Amino acid sequence: MQSSTPATGLQNHPGENLLAQYTSSCRRIMARNGLYVLQKPTVDSQVVALLDYGTNVTISDRGKNGWVPITSPVNGYILHTNFLSSCQASKAATPPELNFCRKVAADGGLVVRTAPSNNSVRVGVVPNGGNVVIARGENGWVPISSPFMGYAQSRYLAYCPKTP
């Protein structure tokens with residue numbers, strides 16, 4: 001019988017039992033507005049699908065540079081690994097009351113870039129007063145998933161007003 005889950009941490013030392021440890025490849029989308037699946041691990045790649053909150057995905061490995069390859073329900077790459085959780089750890093069917101919406105508060109608009117650096121290529125500009133969907137960032141930069149995928153400086157963002 002073969003397992004569809006890859007084994008990791010396999011050790012075989014003479015005189016010891018064979019020890020197999022594995023982690024599940026199932027993850028759940030925890031972004032309130034869902035996550036885009038892209039064809040390649042770049043922000044300018046073609047969008048394959050938008051997966052809703054609570055959708056289970058199968059990852060093929062941990063990925064790198066924030067990009068995780070998935071094989072189910074579609075093949076592609078997801079950015080923003082902090083919006084993925086273990087399928088076993090998250091049984092909730094309704095989104096949490098978290099607000100990942102931010103309003104642009106910059107007179108000239110918000111420049112979205114391919115990487116968290118002023119030297120990286122521009123993806124686009126979100127006008128002042130426009131809304132963006134963010135993930136947790138660091139060093140003054142936040143990943144943006146809507147209306148463009150990329151990175152922006154957090155100092156130009158304010159909380160979106162609550163809707164009744």
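Note that the coordinates shown come from a computational prediction; the quantities given were computed from them, not determined experimentally.
Formation of a donor-acceptor pair under 3.5 Å by the Ser25 side chain with backbone atoms of Ser60 is not found in this model. Using modelled atom types, no side-chain atom of Arg113 and backbone atom of Tyr151 make a donor-acceptor pair closer than 3.5 Å. Under the 3.5 Å distance criterion, the side-chain polar atoms of Ser117 are matched with a main-chain donor or acceptor of Asn119.
In this structure, the side chains of Ile70 and Val37 come closer than 4.5 Å at one or more pairs of heavy atoms. Annotation: side chain of Ile29 is in contact with side chain of Val57 (closest heavy-atom distance under 4.5 Å). Here the side chains of Pro73 and Leu51 are in contact, with some heavy-atom distance below 4.5 Å. For the pair Thr114 and Asp44, the minimum side-chain heavy-atom distance is 4.5 Å or more.
From Met30, atom CE reaches atom CG of Leu84 across 10.0 Å, with rounding to the nearest 0.5 Å. The CZ atom of Arg28 lies 4.5 Å from the CG atom of Asn56; values are rounded to the nearest 0.5 Å. Atom-to-atom distance recorded for Arg27:CZ and Ser86:OG is 6.0 Å, nearest 0.5 angstrom. Tyr53 OH to Thr55 OG1: the interatomic distance, rounded to the nearest 0.5 Å, is 10.5 Å.
Across all non-hydrogen atoms, the minimal contact from Tyr36 to Ser145 is CE1-O, 3.3 Å. When every heavy atom of Ala115 is checked against every heavy atom of Trp141, the shortest pair comes out as O-CZ3, 4.4 Å. Looking at every heavy atom in both residues, Ala105 comes nearest to Ala158 through CB-CB, 4.4 Å.
With hydrophobic clusters built from ILVMFWY side chains whose heavy atoms lie under 4.5 angstrom apart, Val112 shares a cluster with Trp67. Note: the hydrophobic cluster containing Val125 does not contain Met149 (ILVMFWY, side chain heavy atoms under 4.5 Å, direct or indirect links). Note on Ile78: it clusters hydrophobically with Val74, by side-chain heavy-atom contacts below 4.5 Å among ILVMFWY residues. Under the 4.5 Å side-chain heavy-atom criterion for ILVMFWY residues, a single connected hydrophobic cluster contains both Val68 and Val48. In this structure, Val121 is not a member of the same hydrophobic cluster as Val111, with clusters built from ILVMFWY side-chain heavy atoms closer than 4.5 Å.
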Worked verdict on Val132 versus Val104 for side-chain contact (heavy atoms from CB on, under 4.5 Å): CA-CA 7 Å; Val132 298; Val104 176; 4.2 Å; yes

Working for side-chain contact (heavy atoms from CB on, under 4.5 Å), residues Val133 and Ile144: CA-CA 6 Å; Val133 176; Ile144 305 289; over 6 Å; no

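In summary, the side chains of Asn75 and Gln39 do not present any donor paired with an acceptor at a separation below 3.5 Å, with no hydrogens or angles considered.
Applying the side chain to side chain contact (heavy atoms under 4.5 Å, CB included) test between Tyr156 and each of Leu110, Val126, Asn128 identifies Leu110 as the sole match.
Within a 6.0 Å sphere centred on CG of Asp61, other residues, nucleotides and ligands contribute more than 12 heavy atoms.
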